[in-house]
Enquirer: 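Let me begin by handing over the structure; questions about it come next.
Just so we're on the same page: letters track the sequence lines, and every chain starts at 1.
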Amino acid sequence: MSKKAVPIADQKDEAKVACTGKSSTAPINAKLSKEEKIELHRKMVRIRRFEERSLRAYQAKKIGGFLHLYIGQEAVAVGCCSLMGSDDHIITAYRDHGHAMAVGMDTKALMAEVYGKITGCSKGKGGSMHYFAPSLNYWGGHGIVGGQIPLGTGLAYALKYKKLKGAAMAFMGDGAVNQGAVHEAYNLAALWNLPVIFVIENNGYSMGTSQERSSAGPGLAQRAEAYGMNWGTCFGHDVYEVRATMDKFLTLAREKHQPAVVEIDTYRYRGHSVADPDKTYRTREEIEEYRRTKDPIQLFQQALLDEGVLNDAIIEQIDSEAKAEAELAADFAEASPFPTPDDIQKDVYWETDNPDKRTSKGRLFFD
Amino acid sequence: MPVLTYREAIRAALTEELTRDENVVLMGEEVAQFHGAYKVSEGLLEKFGPDRIVDTPISEAGFIGMGVGASMLGIRPVMELMFWSFSSVAFDQILNNAANVRYMSGGLINCPIVIRGPANGGTNVGATHSHTPENVLANHPGVKVIVPSTARDAKGLLKAAIRDNDPCFFLENTLLYGEKGEVPETEEVIPLGVADVKREGTDLTIVTYGRCVLHSLAAAEILEKEHDISVEVVDLRTIRPLDIDTVLASVKKTHRVLIVEEQKPFASVGSQLAYMIQREAFDELDGPIHRLATIDAPAIYSPPVEIEQLPNPQRVLKAALAAVA
Ligand SMILES: Cc1ncc(C[n+]2csc(CCOP(=O)(O)OP(=O)(O)O)c2C)c(N)n1
Ligand SMILES: [Mg+2]
């Protein structure tokens, strides 16, 4: 199994977070209403059912290319995005369906996108790895490992430049931390006190390579110390804990322009992408152990049952609605038209899409 | 008309646009306190302050990517590269992110960034510092590529680039920074994608851009005086969008074409031009399209030999005589 980071004992500042797994009483969680708690649960269930439905669509050959499922990691995106205010922004990598749903993108448009349909969120031009919704402060969906991290830093730069009290969350996997661009972004964020949280979703593996086979040093988030940045780790199977941890760092980012690196332990149940037979680099037992003891939906469901917020009838209703929603999304995607060859050269340039406002002359496309 | 150097003209464009729009910021290595590696940004820090004129660490992928991200949220960053040669370490940010983000988002996201800096050989800085990547950049739909040859063009085109809503790559030239030219006192924004006939003629069209415009004009003088050959020099000014109409109009007049470019020949800007000219004006041509490019090898250091590796007036002269023979 992967080696997980331990926060060092002498980490000095107020950003230090204890990973007790008992965060339900943290102020950010204590103030949640019953409905808000149910909504967190519902979001996780909806993501899982959507992903299961998209897997079936892939198996039915409705989806091209890659499909990286978020199943097992739901508490991370849902926990983090539930903290977003109107000036907070997020950007992530290609395992992006969970974040897209967590910020509120419409599942019809998401499913249509992987089906390659014109009704997709990117008009069938981005695919599974490239979802975007700037109106929801969601900036992708990026296919190059680590390449989105400087962009997330730029979102934070823009927020600070415009004197807005928001923060950017830039998500990456445990494999992305070894990209140079990530370290360049760390340095810039720390140097210029930019309100960005670098969130490492540590699911233990980058494709088939475990953390100990790819990353030197004691922990991934701890590398922040080299840049004088705050850092923390967190048990990412517990949505309460994700919220409690991220809330502290987000507050420091918004109020004091302190960037941070937060490593959130999580796990993916499926292969790296649906094309990964998942037979060579980890054991069935390991996956089963996670499913049995650390499933984020089961853990939160149990917590809410214990709190008396959920009951079996509501659980059943949420689940059947989530399945129906995914089914409806697939039906919508199926029924939608593909883009036409005439659409290929649209959305390339702002100018050619706004011909009445065009100021340049000359040819922009060639044959 | 006032006479400015190419450097001063770029500085004037930056000053005017920084004044006009507070979302414009200038960033790059040594642009602020050091006043720019080539003194292009001299005085801007003092005028606009450290929030708008920003020294970056030597971290091209980091700061260019950051500029791309900031532009998605409405900032208009002008990023200075000390040399366009260094764009190779930021290649992913430039071509995967800046060029693609509008498309992959189905048109939802714009990237109004300008990346600028010198891209030229001829200063004996060897192969790592002498790249001319305009063809490589222009190969990516979604971007605009500008290579000005004069002070006036540099100013007017940079202003247009900063106002443009698509990513614009602006390729300057260290050997032109000191060149003087007339620049109108009143504000002039030169639209991208309009070529400029820098000299009229009837016997041969030289299609060129950047510093090769100067070489071509020098050669045209000699051709006129010593060989009685009248040369028209078309300065593309912008590579993408490309003003092919002005090129074709000139070809229809002269019926002979020489392309001159500071590019390695393989799949260069000239390759694209030659294809388009033969495709769209085949019947107008009285002979094959000729091309003069950089001699196909990494940039040599040896100072006297580098002059020969690049296009220069003597090489243009020879190539022009061959083209009209
Ligand atoms: C620059 C780059 N190199 C390699 C790849 C191929 N690739 C895609 S995902 C991946 C593994 C990344 O793992 P991690 O960062 O841990 O994210 P996870 O898949 O676990 O979410 C690799 C090698 C890529 N997309 N981009
Ligand atoms: Mg991983």
Side-chain angles (χ1 to χ4, degrees), chain A residues 89 91 113 120-127 129-135 139-144 146-159 161-162 168 180-181 183-188 191-192 194 345-351 353-354 357 359-366, chain B residues 23 25 51-52 54 56-57 59-75 77 89-90 92-93 96-97 100-112 141-144 160 163-166 189 191-195 238 240-246 272 276 279:
Chain A
H89 293 257
I91 189 164
E113 185 62 29
C121 49
S122 296
K123 303 181 189 162
K125 294 179 171 179
M129 301 190 283
H130 308 117
Y131 285 175
F132 295 87
S135 63
W139 299 93
H142 292 266
I144 300 296
Q148 76 280 12
I149 301 303
L151 300 188
T153 310
L155 295 171
Y157 176 88
L159 288 171
Y161 186 82
K162 294 179 170 186
H183 287 269
E184 295 192 27
Y186 283 3
N187 183 57
L188 292 172
L191 187 68
W192 292 337
L194 300 179
Q345 290 186 317
K346 293 179 188 154
D347 304 310
V348 179
Y349 289 97
W350 179 87
E351 273 207 316
D353 295 336
N354 296 277
K357 296 187 195 129
T359 54
S360 82
K361 311 258 190 309
R363 273 190 220 178
L364 274 166
F365 292 102
F366 299 85
Chain B
N23 280 321
V25 294
D51 284 348
R52 307 196 56 203
V54 184
T56 66
S59 191
E60 285 82 1
F63 74 74
I64 299 265
M66 202 194 77
V68 172
S71 79
M72 301 189 315
L73 262 188
I75 306 293
V89 304
D92 178 48
Q93 297 301 325
N96 266 317
N97 290 341
N100 286 346
V101 73
R102 178 172 174 82
Y103 197 67
M104 294 197 306
S105 65
L108 294 176
I109 297 174
N110 293 315
C111 180
V143 314
K144 295 174 179 171
R163 297 177 188 199
D164 202 279
N165 288 331
D166 294 309
V189 181
L192 307 184
V194 182
T238 308
R240 188 169 185 151
L242 182 66
D243 180 5
I244 193 68
D245 292 343
T246 297
Q272 175 66 23
M276 292 173 80
R279 185 73 186 80

Enquirer: Just wondering, do A:H142 and B:N97 contact through their side chains at under 4.5 Å, heavy atoms?
Expert: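 Result yes, sub-4.5 Å side-chain heavy-atom pair found.
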Enquirer: Relative to chain B, which segment of A:I149 carries a heavy atom at a distance below 4.5 Å: side chain, backbone, both, or neither?
Expert: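 When you check distances to chain B, no heavy atom of A:I149 falls under 4.5 Å.
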Enquirer: Measuring heavy-atom distances to chain A, does B:Q272 have an atom under 4.5 Å in its side chain, in its backbone, in both, or in neither?
Expert: side chain
Enquirer: For chain B, which of A:I91, A:I144, A:T153 has the most heavy-atom pairs under 4.5 Å?
Expert: A:I144
Enquirer: What residue, out of A:P150, A:G362, A:A158, has the most heavy-atom pairs lying under 4.5 Å from chain B?
Expert: A:P150
Enquirer: Find the one option among B:G62, B:G142, B:P112, B:P77 whose heavy-atom pairs under 4.5 Å with chain A are most numerous.
Expert: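 Among the listed options, the one with the most contacts to chain A is B:G142.
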Enquirer: For the interface with chain A, which of B:M72, B:R163, B:R279, B:R52 has the highest count of heavy-atom pairs at distances below 4.5 Å?
Expert: B:M72
Enquirer: Report the distance from atom CG of A:L364 to atom CG of B:D166, rounding to the nearest 0.5 Å.
Expert: 7.5 Å
Enquirer: Out of A:W350, A:W192, A:F365, A:F132, which one racks up the most heavy-atom pairs below 4.5 Å with chain B?
Expert: A:W350
Enquirer: I need the B:S59 OG to A:L188 CG distance, nearest 0.5 Å.
Expert: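 With rounding to 0.5 Å, OG (B:S59) is 4.5 Å from CG (A:L188).
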Enquirer: At a heavy-atom separation under 4.5 Å, does B:N100 approach chain A through its side chain, its backbone, both, or neither?
Expert: neither
Enquirer: How far apart are the closest heavy atoms of A:P134 and B:I109, and which atoms are they?
Expert: CG-CG1, 3.6 Å
Enquirer: Using side-chain heavy atoms (C-beta onward) and a distance below 4.5 Å, is A:H89 in contact with B:L73?
Expert: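 Yes, close enough: below the 4.5 Å cut-off.
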Enquirer: What's the shortest heavy-atom distance between B:G106 and A:K123, and which atoms?
Expert: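 Closest approach of B:G106 to A:K123: O-NZ, 3.0 Å.
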Enquirer: From A:E184 CD over to B:M66 CE, what is the distance, rounded to the nearest 0.5 angstrom?
Expert: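 Here the rounded value is 12.0 Å.
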Enquirer: Is any side-chain N of the basic residue among A:K361 and B:D245 closer than 4.0 Å to the acidic one's carboxylate O?
Expert: no
Enquirer: Which bit of B:T246 is near chain A, if near means a heavy-atom gap under 4.5 Å: side chain, backbone, both or neither?
Expert: neither
Enquirer: If you compare all heavy atoms of A:S122 against all heavy atoms of B:S105, which two are closest, and at what distance to 0.1 Å?
Expert: OG-CA, 3.6 Å
Enquirer: Does some side-chain heavy atom of A:N187 sit less than 4.5 Å from a side-chain heavy atom of B:F63?
Expert: no
Enquirer: What option among B:V194, B:N110, B:D243 has the most heavy-atom pairs under 4.5 Å with chain A?
Expert: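 That would be B:N110.
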Enquirer: If you compare all heavy atoms of B:P191 against all heavy atoms of A:T359, which two are closest, and at what distance to 0.1 Å?
Expert: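 In terms of heavy atoms, the two residues are closest at CB-O, 3.5 Å.
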Enquirer: Could you state the interatomic distance from CD (A:Q148) to CG (B:D92), rounded to the nearest 0.5 Å?
Expert: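 Between A:Q148 CD and B:D92 CG, I get 9.5 Å after rounding to 0.5 Å.
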Enquirer: Determine the sole option in B:R240, B:R102, B:K144 for which the side-chain hydrogen bond (donor to acceptor under 3.5 Å, both in side chains) test with A:Y349 is passed.
Expert: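 Of the listed residues B:R240, B:R102, B:K144, the side-chain hydrogen bond (donor to acceptor under 3.5 Å, both in side chains) partner of A:Y349 is B:R240.
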Enquirer: Is A:Y186 close to chain B through its backbone or its side chain, or both, or neither, when contacts mean heavy atoms under 4.5 Å?
Expert: neither
Enquirer: Measure A:Y161 against the heavy atoms of chain B and call it side chain, backbone, both or neither at under 4.5 Å.
Expert: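 For A:Y161, the contact with chain B is made by the side chain alone.
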Enquirer: Considering non-hydrogen atoms only, spot the tightest contact between B:Q93 and A:A181 and give its length.
Expert: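 Heavy-atom minimum between the residues: NE2-CB, 4.4 Å.
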Enquirer: In terms of heavy-atom proximity below 4.5 Å to chain B, should A:K346 be classed as side chain, backbone, both, or neither?
Expert: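 Answer is backbone: N, CA, C or O of A:K346 sit under 4.5 Å from chain B.
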Enquirer: What part of B:V54 is in contact with chain A, defined as an atom under 4.5 angstrom from a non-hydrogen atom: side chain, backbone, both or neither?
Expert: side chain
Enquirer: How close do B:P57 and A:L191 get, counting heavy atoms only, and between which atoms?
Expert: CG-CD2, 3.7 Å
Enquirer: Can you tell me how far the SG atom of A:C121 sits from the CG atom of B:L108, to the nearest 0.5 Å?
Expert: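 Rounded to the nearest 0.5 Å, the SG-CG separation comes to 8.5 Å.
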Enquirer: May I ask you to name which of B:V143, B:I244, B:V189 has the most heavy-atom pairs under 4.5 Å with chain A?
Expert: B:V143
Enquirer: Looking at B:V89, B:D51, B:N23, B:I75, which one has more heavy-atom pairs under 4.5 Å with chain A than the rest?
Expert: B:I75
